[in-house]
Each structure stands twice: as structure tokens, then as C-alpha cells.
Amino acid sequence: MKKIGILTSGGDCGGLNAAIRSIFFRAKNKYNMTVFGIKNGTTGFLQRPLDYVELTRETFSGYLLKQGGTFLGTTNKASTNNSIDQTQMIIEGYRQLQLDGLIIIGGDGSMQILQNLAKKGNLNIVAIPKTIDNDVGATDSSIGFDTAVQVATQALDNLHSTAVSHSRSMILEVMGRDAGHIALSSGIAGGADIILLPEIKYSFKGIINKLNEMKKINLKHSLIVVAEAVKKENGQKVIHEYKDGQKRLGGIGEYIANEIMSKTDIECRVTALGHVQRGAPPTHNDRILASAFGVYAVDLLQQKKFDRMVAWKDRKVVDVPIANAISTYKNVERSDALVETALSLGMYIGDIN
Ligand code: F6P
């Protein structure tokens, strides 16, 4: 392994720069490899001339470790990678750079696309899981999740005081795609009264019972966390369509607020946290996880253990086939310790016991 590439793909998150930095130092200091950063995900391989940068010690002399986002850039537009021509161009790009291996830092969608590419082009890839959603199977934690939970928890702390001042229900809509991990963790950490998750069915009867119970003990304020993929009570998804035709989850907070206000005399306000969760400076946990993953990923390449994803299990970095990681979507499950924790704290998290 003389020359390796790194690319970040999919939605950004806190900790990506820490991972890139760690890959560089392991590759340079231990194996004397040349390391190229491919710009904007696979898009860098599609440009002619190729869009990439050679990483050096100077690259990391500033504050990158502490900054959110990815200094290499990324893309989460699926269409970028679909056509046969583009597949060929990406493979050619890898060859032009004479790469011996490529580390991809991405979520399950990116890993799927790049695994197909690797098969077609015989590319040597290793993957590092990142996603604020923490929904990649086969790893206990992905880069970015801890930062997103930290931001959401901080938001709840800020909302708490204003909820008390105004005797209001403050509704916080958080990201997480189809999984409720951010909502559940931040809801517990931030002392929410109600947490709505895509995995557990809720009812307005249940929500209003909880709010009425609180009223009886003179608690006129409340904190409600709702994951973006929670559906309307009738099962309909709430989607926001942007002008360019792209559709994203978003808007369920408003729906929950309007329904509560139309069924009770409770005043609600909504905060949709959105990309604030992705762009925040990484927490120490994300920086540490990213650094440990980076080292291990380079070692995998060096050992020619390709098509593997690094994973965090029982306080250790391990590796698993990429195929295993992408075939198991990690949702919140009834048996999760945090579900029992929320219930024990008296939170309403849907119609379960
Ligand atoms: O997968 C990460 C994520 O932030 C999701 O939680 C969210 O639904 C989506 O990406 C938002 O995507 P975009 O950055 O394209 O708006």
C-alpha cells in the first residue's frame, strides 16, 4: 500500500475531520503512505482533471479536529452515482490516481453504492461508519451521533426554561431518518416528558393523558421530542419538498403542535433543529471514536482486508463485512435498555407498557 485515498460521502456530521486526520497520521507515520483526499464524495472522481488534494502535515496544523462538517466536502445526491458512465468514470478516476486502496467514510447508503462500484472496478475499499442517525447495523456507534445528541440535549435545556416561563409545551423536532435514536437519547438526557419515535405507535389520547397528569400536579409546561420520521396519527408520512424536487422528512413537529392545540387549551411552540445537529463542533466522544476508527481502517488496508467496515463493539474497534453492515438497519427496539429507561422515568413514549 503506497497510495491511498479518502472520501467522505452522504450527509456530513461532527467528527469527519477527526477521522480524516487520524487516517492521514496512521498512514504517514506508520506506513509512509501518500494520502489523497477526494473532494465532494465520489464527485471528485468524476471531474477531469480529478478533484483531489494531497494531504500533508500542514493540512492538519489548524483547527480541523474541532470543526464540524468535512473539509473534503461531500454529497448525498444519490443520482450522482447511478449511471453506467459515471460508474466507469469513478473507476477510471481511482486508476488515474494509481490508488492502492480507498477509505470511505459514509452511512449505509454510501457504503452500498461504493461497494457496488468496488465490485465492478475491483477497487480495494474499507469503510468507516458515520451518521448522526446511528442506524448502521453492526456497530454500536457511528461518527456524528454523539454530537447530534449533544446538540439536541442542549436545545432541550434551553427550551426548558422558556417552557417554564410561559407555561407552554415546547416541541423539539430532531433528525434521525427512520430511526429514533437521537430522539430517545436526547429526550432522556434532556428530561423530556414525551418522546415520539418512528418505531413506537403513539396516540393523541396518550399524549393528552400525559399532559393532563402533569397539569394535576401543577406542571403546566412540558418538553416533547419528536423524531422527524414519526408519522401522523393516521399513518401518513410528513415530508417537505424542496424547490429542486428533493424530498426530505420534516414538519411532524408542527403537526403534533397543531393537534395538541386543537384538542386542548395548551399553548405549543415548535423548534425544528435540522442541520444544526450536523454542523456542530464534534463532541470529545465523536473525536475519539473517529480517531480510533481512522487508525484501524488504515491497518485493514495495509493488511489487505478489503470490503470491511470498522465497527465499535464492547469498547473495542472490530471489523465486519460491509455487506453485513448495510443489510441490517438499526432501529430502536422495545428491548433496548433506553426504552425501559424512558418508561421508568415516567415519560410517554407511545402506547406501550
Ligand atoms: O442521514 C442524515 C440526515 O441528517 C437525516 O437525519 C436527515 O433526514 C437527512 O440527512 C437530511 O438530508 P439533507 O442534508 O439532504 O437535507
Side-chain angles (χ1 to χ4, degrees), residues 1 4-24 26-27 33 35 37-38 41-42 70 72 74-76 78 81 90 94 99-146 148 177-179 181 282 285-331:
M1 286 278 145
I4 65 166
I6 310 173
L7 64 79
T8 46
S9 180
D12 69 347
C13 62
L16 294 176
N17 294 329
I20 300 164
R21 171 179 175 268
S22 165
I23 292 168
F24 169 76
R26 184 65 164 187
M33 295 172 181
V35 187
I38 314 302
T42 47
T70 161
L72 291 178
T74 186
T75 178
N76 64 355
N81 303 294
I90 293 168
Y94 175 98
L99 294 180
D100 299 309
L102 176 68
I103 297 179
I104 59 165
I105 312 174
D108 57 350
S110 304
M111 283 191 241
Q112 179 117 52
I113 291 164
L114 280 139
Q115 199 198 28
N116 287 339
L117 267 166
K119 273 191 197 135
K120 283 184 190 139
N122 221 4
L123 317 183
N124 302 327
I125 62 162
V126 159
I128 295 181
K130 69 85 221 164
T131 165
I132 65 165
D133 308 329
N134 208 25
D135 55 358
V136 174
T139 182
D140 292 344
S141 254
S142 292
I143 301 171
F145 174 64
D146 193 66
R177 217 170 43 143
D178 296 317
H181 300 292
N285 282 332
D286 269 331
R287 295 181 206 186
I288 294 166
L289 183 70
S291 303
F293 276 172
V295 168
Y296 199 103
V298 175
D299 289 354
L300 283 179
L301 277 188
Q302 176 66 17
Q303 293 156 21
K304 299 194 166 34
K305 286 174 84 180
F306 307 131
D307 210 18
R308 315 278 301 173
M309 182 193 84
V310 300
W312 187 250
K313 281 273 161 205
D314 304 326
R315 300 192 67 243
K316 285 194 185 69
V317 185
V318 297
D319 58 280
V320 296
I322 292 180
N324 285 15
I326 54 189
S327 61
T328 45
Y329 189 79
K330 189 172 73 186
N331 277 112

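For reference, positions follow the sequence shown, starting with 1. No experiment lies behind these values; they were computed from the predicted model shown.
- Annotation: side chain to side chain donor-acceptor pair (under 3.5 Å) contacts of T70 (sequence neighbours excluded): T8.
- Between S110 and G106, the shortest heavy-atom distance links the atoms CB-CA, 4.1 Å.
- Rounding to the nearest 0.5 angstrom, the gap separating the CG atom in L117 from the NZ atom in K119 is 11.0 Å.
- Across all non-hydrogen atoms, the minimal contact from G294 to I23 is CA-CG1, 3.7 Å.
- For the atom pair CG of L99 and CE of M1, the computed distance is 9.5 Å after rounding to the nearest 0.5 Å.
- For D319, the side chain to side chain donor-acceptor pair (under 3.5 Å) partners are Y296, R308, not counting sequence neighbours.
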Trace of the side chain to side chain contact (heavy atoms under 4.5 Å, CB included) decision for M111 with V136: CA-CA 10 Å; M111 283 191 241; V136 174; 4.2 Å; yes
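- Of the inter-residue distances, the one linking L114 atom CG with I90 atom CD1 reads 7.0 Å to the nearest 0.5 angstrom.
- For the pair V317 and F293, the tightest heavy-atom approach, listed with the atom from each and the gap, is CG1-CD2, 3.9 Å.
- Note: F306 CZ to L102 CG = 11.0 Å, rounded to the nearest 0.5 Å.
- The side-chain heavy atoms of M33 and V298, taken from C-beta on, include a pair separated by under 4.5 Å.
- Annotation: side chain to side chain donor-acceptor pair (under 3.5 Å) contacts of R21 (sequence neighbours excluded): none.
- A donor-acceptor pair under 3.5 Å links the side-chain atoms of S22 to the main chain of S291, judged by distance alone.
- Annotation: side chain of P321 is not in contact with side chain of D307 (no heavy-atom distance under 4.5 Å).
- In terms of modelled atom types and a separation under 3.5 Å, the side chain of Y94 and the main chain of N122 share no donor-acceptor contact.
- T74 places a side-chain N or O within donor-acceptor distance of the main-chain N or O of G10, the cut-off being under 3.5 Å.
- D286 places a side-chain N or O within donor-acceptor distance of the main-chain N or O of G144, the cut-off being under 3.5 Å.
- Partners of D178 under the salt bridge (Lys or Arg N to Asp or Glu O under 4.0 Å) rule, at least two apart in sequence or in another chain, do not exist in this structure.
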Worked verdict on I105 versus L72 for side chain to side chain contact (heavy atoms under 4.5 Å, CB included): CA-CA 11 Å; I105 312 174; L72 291 178; over 6 Å; no
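- Nearest heavy-atom pair, K305 versus V126, reported as atom, atom and distance to 0.1 Å: O-CG2, 3.6 Å.
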I125/I322 under side chain to side chain contact (heavy atoms under 4.5 Å, CB included): CA gap, chis, key distance, verdict: CA-CA 10 Å; I125 62 162; I322 292 180; 3.8 Å; yes
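- Listed here is the closest heavy atom pair of I143 and C13: O-SG, 3.4 Å.
- Looking at R287, its side chain does come within 3.5 Å of a backbone N or O of P282 through a donor-acceptor pair.
- The line from CD1 of I4 to CG of N124 is 11.5 Å long, rounded to the nearest 0.5 Å.
- Here the closest heavy-atom approach between residue P129 and residue V310 is recorded as CD-O, 3.1 Å.
- Residue pairs meeting the side-chain hydrogen bond (donor to acceptor under 3.5 Å, both in side chains) criterion with at least one member in residues 321-330, sequence neighbours excluded: D135-Y329.
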Test log, rule side chain to side chain contact (heavy atoms under 4.5 Å, CB included), inputs I104 and S9: CA-CA 7 Å; I104 59 165; S9 180; 5.8 Å; no
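- Side-chain contact between L289 and D146 is absent, with no heavy atoms from C-beta onward closer than 4.5 Å.
- Partners of N134 under the side chain to side chain donor-acceptor pair (under 3.5 Å) rule, at least two apart in sequence or in another chain, do not exist in this structure.
- Tested against S142 for a side chain to side chain contact (heavy atoms under 4.5 Å, CB included), the candidates I128, T131, D108 yield a single pass: T131.
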